[in-house]
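Order of the sequence lines fixes the chain letters, A, B, ..., with proteins taken first and strands second; residue numbering starts at 1 for each chain. It should be emphasised that the depicted structure is a prediction, and the values quoted were computed from it without experimental measurement.
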2 protein chains.
Amino acid sequence: MNIISTKNNEDKINTITEMCKLFKVSARTLRFYEAKELLFPIRKGQHRLFTKSDRGRMKLIMQGKRFGFSLEEIRQLLNLYNFGDHRTRQIKQTYQLGLKRLSSMEQQKKELGLAIKDLKTQLQLCKDLLLKRGADSRDL
Amino acid sequence: MNIISTKNNEDKINTITEMCKLFKVSARTLRFYEAKELLFPIRKGQHRLFTKSDRGRMKLIMQGKRFGFSLEEIRQLLNLYNFGDHRTRQIKQTYQLGLKRLSSMEQQKKELGLAIKDLKTQLQLCKDLLLKRGADSRDL
DNA sequence: AACTCTTTTGACGTTTACGTCAAGTATGAC
DNA sequence: GTCATACTTGACGTAAACGTCAAAAGAGTT
């Protein structure tokens, strides 16, 4: 144990190719996100270096995309996780946005539950038909 | 009560503008979906008429889009709800696709639950900070 | 010094999912 | 008959989210 416990994991910085592997995206994508101000890698010379903050943001970006939010919507929310260094008024706005997004996500979860139920029913009907038509139940 | 109980709701056919209002989409969108073979309105002269089947399909299309599936993915699955008139082999394929989609949706629901939890935590932190900075709790 | 490897910027291409005209047809109201 | 209205096809445009390719620059290797 070192006194200056630079927890290697937290402080680690990544090159662009490391980030690509970490999040399974292309370098083009990472540069694109930087251009759109979703990421802020530091520069060493003219190379990008991605910090813990960027990793955190990328996690949220991927999550947001998965749930159907646009990059612009995601960008506005990323501040929720960096609010220390902003003016109070802006934090308030981001907070409100976060509330909206929360309710939208909860709504989506509900609908997803219903859709899953429907799909299950439909799959059962389909299965029945296939069996009646003489399909081998081991195939299904 | 009529003997030939044509349950008006089920058998109703809609013009394109009625469909637009029903699903809050543009006529262009409906024609586009037809071109992509997601809808199959019947033709009277050169006008389109949408039946119960099309309404059912539209419901599923909107649902699919909401959960981030592409139109092409949706198209392949729509057969699940029309399987009566297909060959057994194709039904099997659609069935398999349905199973995959089901698991993908269940996975998404799980992740959504986690993301919601995260977001709640983050919102709480944000709220705390705002209160500490002297915000009026009635604003939040 | 020459070479390789990584990364950079910049420009242009691509796909998806529509929007936006333009021009034509058909139907019912007046 | 003609006027408005609803609908059609077809062509072109657009925004988002990247992919692809070319040219150059820097750091390390032999």
Side-chain angles (χ1 to χ4, degrees), chain A residues 12-51 53-55 57-78 97 101 104 108 115, chain B residues 12-51 53-55 57-78 97 101 104 108 115:
Chain A
K12 171 149 199 199
I13 55 174
N14 301 101
T15 72
I16 200 167
T17 33
E18 284 166 356
M19 284 293 276
C20 291
K21 283 175 194 166
L22 216 48
F23 292 99
K24 314 207 174 203
V25 297
S26 71
R28 177 71 181 86
T29 299
L30 293 172
R31 293 189 201 107
F32 183 73
Y33 289 171
E34 185 189 6
K36 294 282 175 184
E37 301 188 63
L38 287 115
L39 296 178
F40 304 96
I42 49 181
R43 293 305 184 96
K44 184 196 168 191
Q46 67 171 0
H47 289 209
R48 291 165 176 84
L49 291 178
F50 298 84
T51 71
S53 161
D54 294 308
R55 289 192 294 276
R57 292 166 91 82
M58 266 306 278
K59 187 188 155 197
L60 291 168
I61 294 170
M62 302 308 278
Q63 219 170 64
K65 279 178 62 71
R66 176 88 210 259
F67 304 137
F69 295 94
S70 75
L71 290 183
E72 176 53 23
E73 290 173 311
I74 293 168
R75 189 188 64 78
Q76 294 178 42
L77 268 158
L78 281 172
L97 240 153
R101 170 137 166 192
S104 145
Q108 188 173 354
Chain B
K12 170 149 199 197
I13 54 176
N14 301 101
T15 72
I16 199 168
T17 32
E18 284 167 356
M19 284 292 277
C20 291
K21 283 173 193 168
L22 216 49
F23 292 99
K24 315 208 175 202
V25 298
S26 71
R28 178 69 180 87
T29 298
L30 292 172
R31 294 189 199 106
F32 183 75
Y33 289 172
E34 185 189 5
K36 294 282 175 184
E37 302 188 61
L38 287 112
L39 296 177
F40 303 95
I42 50 180
R43 292 305 182 97
K44 184 196 167 192
Q46 68 171 359
H47 290 207
R48 291 166 176 82
L49 293 178
F50 298 83
T51 71
S53 160
D54 293 308
R55 289 193 294 277
R57 287 169 161 272
M58 266 306 278
K59 188 189 155 196
L60 291 168
I61 293 170
M62 302 308 277
Q63 216 171 66
K65 279 177 61 72
R66 176 89 213 260
F67 304 137
F69 295 95
S70 77
L71 291 183
E72 176 53 23
E73 289 172 313
I74 293 168
R75 189 189 65 78
Q76 294 179 42
L77 268 158
L78 280 173
L97 240 153
R101 171 138 166 191
S104 146
Q108 188 173 355

(request) Check whether any side-chain N or O of Thr29(B) sits under 4.0 Å from OP1 or OP2 of dA17(C), and answer yes or no. (result) no
(message) I need the CG-C1' distance between Leu71(B) and dA17(C), as an integer number of Å.
(response) 7 Å
(request) Give a yes or no answer on whether the side chain of Arg48(A) reaches the backbone of Glu34(A) with a donor-acceptor pair at less than 3.5 Å. (result) no
(request) Among dG19(D), dA17(D), dA17(C), find the nucleotide with the atom closest to the side chain of Ser70(B). (result) dA17(C)
(request) Find out whether Lys65(B) and Leu71(B) are in side-chain contact, i.e. whether some heavy atom of one side chain is under 4.5 Å from a heavy atom of the other. (result) yes
(request) Look at the side-chain N and O atoms of Thr15(A) and state whether any lies under 4.0 Å from the OP1 or OP2 oxygen of dT6(C). (result) no
(message) Rounding to an integer number of Å, can you tell me how far Glu72(A) CD sits from dA17(D) C1'?
(response) 13 Å
(request) Look at the side chain of Arg28(A) and decide which nucleotide, out of dT9(D), dT7(C), dG19(D), has an atom nearest to it. (result) dG19(D)
(message) Show, in sequence, the C-alpha distance, side-chain angles and deciding distance for Met58(A) and Met19(A), and conclude whether the side-chain contact (heavy atoms from CB on, under 4.5 Å) test is met.
(response) CA-CA 9 Å; Met58(A) 266 306 278; Met19(A) 284 293 276; 3.9 Å; yes
(message) For dC18(C) and Lys65(B) - does any side-chain N or O of the residue sit under 4.0 Å from the phosphate oxygens OP1/OP2?
(response) yes
(request) In whole angstrom, give the distance that lies between atom CD1 of Ile74(B) and atom C1' of dC18(C). (result) 14 Å
(message) Taking the side chain as everything from C-beta on, heavy atoms only, tell me whether Leu78(A) gets closer than 4.5 Å to Glu37(A).
(response) no
(message) Between Phe50(A) and Glu18(A), is the side-chain contact (heavy atoms from CB on, under 4.5 Å) condition met? List the steps.
(response) CA-CA 9 Å; Phe50(A) 298 84; Glu18(A) 284 166 356; over 6 Å; no
(request) Take the protein atom CD1 of Ile61(A) and the nucleotide atom P of dA16(D), then report the distance between them rounded to whole Å. (result) 16 Å
(message) Within the 4.5 Å heavy-atom criterion, are Arg101(A) and Gln76(A) side-chain neighbours or not?
(response) no
(message) For dT7(C) and Thr17(A) - does any side-chain N or O of the residue sit under 4.0 Å from the phosphate oxygens OP1/OP2?
(response) yes
(message) At a heavy-atom distance below 4.0 Å, what parts of residues 30-39 of chain A sit against DNA chain D?
(response) Phe32(A), Tyr33(A)
(message) What is the separation between atom CD1 on Ile13(A) and atom C1' on dT7(C), rounded to the nearest whole Å?
(response) 15 Å
(message) Does any part of the side chain of His47(A), heavy atoms only, come nearer than 4.5 Å to the side chain of Leu49(A), both counted from C-beta?
(response) no
(message) Check the phosphate of dT9(D) against Arg48(B), side-chain N and O only, distance under 4.0 Å to OP1 or OP2. Yes or no?
(response) yes
(request) Could you tell me the separation between the NZ atom of Lys44(B) and the C1' atom of dA26(C), rounded to a whole number of Å? (result) 11 Å
(message) Between C1' on dA17(C) and CZ on Arg66(B), what's the gap in Å once rounded to a whole number?
(response) 18 Å
(request) Figure out the CZ/C1' separation between Arg43(B) and dC7(D), and round it to whole Å. (result) 10 Å
